[in-house]
**Q** 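Sharing a structure here in structure tokens format.
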Number of protein chains: 2
Amino acid sequence: MNQQERILEEFRAVFNKLVWLNRSEMEEALKGHKPSEVHAIEYIGKHSDPNVTRLAEAFYMTRGAISKITKKLLDKGLIESYQSPDNKKEIYFKLTAQGREVFEIHENLHRSFRERDDAVFEKITDEQFESMSRFLDAYTRHLDTEIHKQGIRPEDGPTPE
Amino acid sequence: MNQQERILEEFRAVFNKLVWLNRSEMEEALKGHKPSEVHAIEYIGKHSDPNVTRLAEAFYMTRGAISKITKKLLDKGLIESYQSPDNKKEIYFKLTAQGREVFEIHENLHRSFRERDDAVFEKITDEQFESMSRFLDAYTRHLDTEIHKQGIRPEDGPTPE
DNA sequence: ATTATTTTGTTTCCTTGTCAACAAAAATAT
DNA sequence: ATATTTTTGTTGACAAGGAAACAAAATAAT
């Protein structure tokens, strides 16, 4: 295993550990709501006029899947839908009071996770941070170039926020 | 969004892009085999005496899920099972000739992905590499400590290779 | 040695997401 | 203006994976 594979593998491992560690606490605090539902609530709470298509693009999921999730959230009364007077096709979502509660719990938990790990990030120097950031930027640009080379298929490609 | 969140978010983005870019090519080359099947073939080809439990631990999946995947691979004739004379319970797997073909195609593709991205990794200095590596080690240790604090539940925790 | 506990693999049921087909609305072409 | 194409959201059929229950074998306890 060379340098390249090692660094990517290490990152993957850290990420997995992080996800696994946070999940149990998150699930405990938000019992009764599935991770995908909470995720959608977070997005809806943070963006203006979100609709099924936007959520699907942001989550790299199909519109069908999102449609089912928002249906559940509507049934639970965590979100409500509204439309623009000049567009009868698109359906937007916003949080209800009850949805905002879930949103806040989620935000607070995220804050606590961040604080928990602050120690590690305080120890990295600005140079270290800059170093990683430059690497990531370079890698992203490289991948974008490669994606472009392959002949892009924008309809199923990621369109991150 | 602070430093901490930014760096993690950037890594997630790079990772997603990487997965997405490689997937189409991989699926094209290994048509007829599901990603999870190929993944299992890779593991079986690289480890000695792998069984359902080992695969489940390595992939962070349940034994039930792995059991179904290996069943399919057996039916396809890509792997075969064998047992030790002094253990009638554990069932190990190894690749058949046909399975090795899939294994090789997969390995070659990975090699080509690596070569494709070499340029990016060649540009990072040894200091940069060291810097990232130290950060990752520190983060892993920190998370291990936190996991330990929480009261460990080894039965559903990750047990990476 | 016998009993109790743990490990291993499989199966059934359930949930979640993808895919494909569809209708309604909007955008574009002609 | 009308016709065609694209976008948007929904639904039903299907596949993948998780949870739980289970039997068989191995291990530990007594």
Side-chain angles (χ1 to χ4, degrees), chain A residues 16 19-20 23-24 27 31-41 43-44 47 49-76 79-93 153-159, chain B residues 16 19-20 23-24 27 31-41 43-44 47 49-76 79-93 153-159:
Chain A
N16 280 340
V19 167
W20 178 77
R23 179 156 46 198
S24 55
E27 282 174 355
K31 222 181 268 296
H33 306 293
K34 297 287 156 59
S36 60
E37 295 171 18
V38 177
H39 198 193
I41 286 174
Y43 186 93
I44 292 169
H47 293 78
D49 296 340
N51 60 4
V52 166
T53 300
R54 294 296 142 68
L55 281 159
E57 288 169 349
F59 296 176
Y60 298 61
M61 284 169 59
T62 61
R63 294 198 305 272
I66 300 294
S67 183
K68 290 164 188 166
I69 292 170
T70 53
K71 187 171 162 40
K72 279 207 295 182
L73 291 175
L74 285 166
D75 290 347
K76 283 187 180 184
I79 63 174
E80 54 192 11
S81 61
Y82 63 96
Q83 287 187 283
S84 155
D86 52 313
N87 190 322
K88 294 280 179 194
K89 190 173 56 160
E90 299 179 345
I91 301 169
Y92 312 108
F93 302 108
R153 289 174 307 165
E155 64 277 19
D156 51 17
T159 311
Chain B
N16 280 340
V19 167
W20 179 76
R23 179 157 46 197
S24 54
E27 282 174 355
K31 223 180 266 297
H33 305 294
K34 296 287 157 62
S36 60
E37 294 171 19
V38 177
H39 198 192
I41 286 174
Y43 187 93
I44 292 169
H47 294 79
D49 296 341
N51 60 3
V52 166
T53 300
R54 295 294 142 68
L55 281 159
E57 288 169 349
F59 295 176
Y60 297 63
M61 283 169 63
T62 59
R63 292 198 305 273
I66 300 295
S67 182
K68 292 164 191 167
I69 293 170
T70 52
K71 186 170 164 39
K72 280 207 295 181
L73 291 175
L74 286 166
D75 292 346
K76 284 188 180 183
I79 63 173
E80 54 191 11
S81 62
Y82 63 96
Q83 287 187 280
S84 155
D86 53 315
N87 190 321
K88 295 279 177 195
K89 189 173 56 160
E90 298 179 347
I91 302 169
Y92 312 108
F93 303 107
R153 288 172 308 165
E155 66 275 19
D156 52 18
T159 311

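In this text, all values refer to a predicted model and were calculated from it rather than measured experimentally. Hydrogens, waters and symmetry mates play no part in the numbers below; they use all other heavy atoms, side chains included. All chains are named by letter (A, B, ...) in the order of the sequence lines, taking the proteins before the strands, and each is independently numbered beginning at 1.
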**Q** Who are the ring pair (Phe, Tyr, Trp, His ring centres under 6.0 Å) partners of B:His33, not counting sequence neighbours?
**A** none
**Q** Please identify each residue that fulfils salt bridge (charged side-chain N to carboxylate O under 4.0 Å, His left out) with A:Glu90, with sequence neighbours left out.
**A** none
**Q** Return the value, rounded to whole Å, for the distance between atom NZ of B:Lys89 and atom C1' of C:dT5.
**A** 11 Å
**Q** The criterion is side chain to side chain contact (heavy atoms under 4.5 Å, CB included); which residues satisfy it with A:Thr53, sequence neighbours excluded?
**A** A:Asn51, A:Glu57, A:Arg63
**Q** Protein-nucleotides 12-15 of chain C N/O pairs closer than 3.5 Å?
**A**
residue: C:dT12; atom: O4; partner: B:Lys68; partner atom: NZ; Å: 3.4

**Q** If you take all heavy atoms of A:Val52 and A:Ser67, which pair is closest and at what distance?
**A** CG1-N, 4.3 Å
**Q** Between C1' on C:dG17 and CZ on A:Phe59, what's the gap in Å once rounded to a whole number?
**A** 14 Å
**Q** Could you state the NE2-P distance from A:His39 to C:dT16, rounded to the nearest angstrom?
**A** 16 Å
**Q** Taking the nucleotide of DNA chain C with the closest heavy atom to each, which residue, A:Asn87 or B:Arg63, is nearer the 5' end?
**A** B:Arg63
**Q** List the residues meeting side chain to side chain contact (heavy atoms under 4.5 Å, CB included) with A:Lys71, not counting sequence neighbours, and say none if there are none.
**A** A:Asp75
**Q** Reading DNA chain D from 5' onward, which residue's closest nucleotide shows up sooner: B:Lys88 or B:Ile66?
**A** B:Ile66
**Q** If you walk 5' to 3' along DNA chain D, what is the first nucleotide with an atom under 4.0 Å of a heavy atom in chain A, and what is the last?
**A** D:dT7 to D:dA13
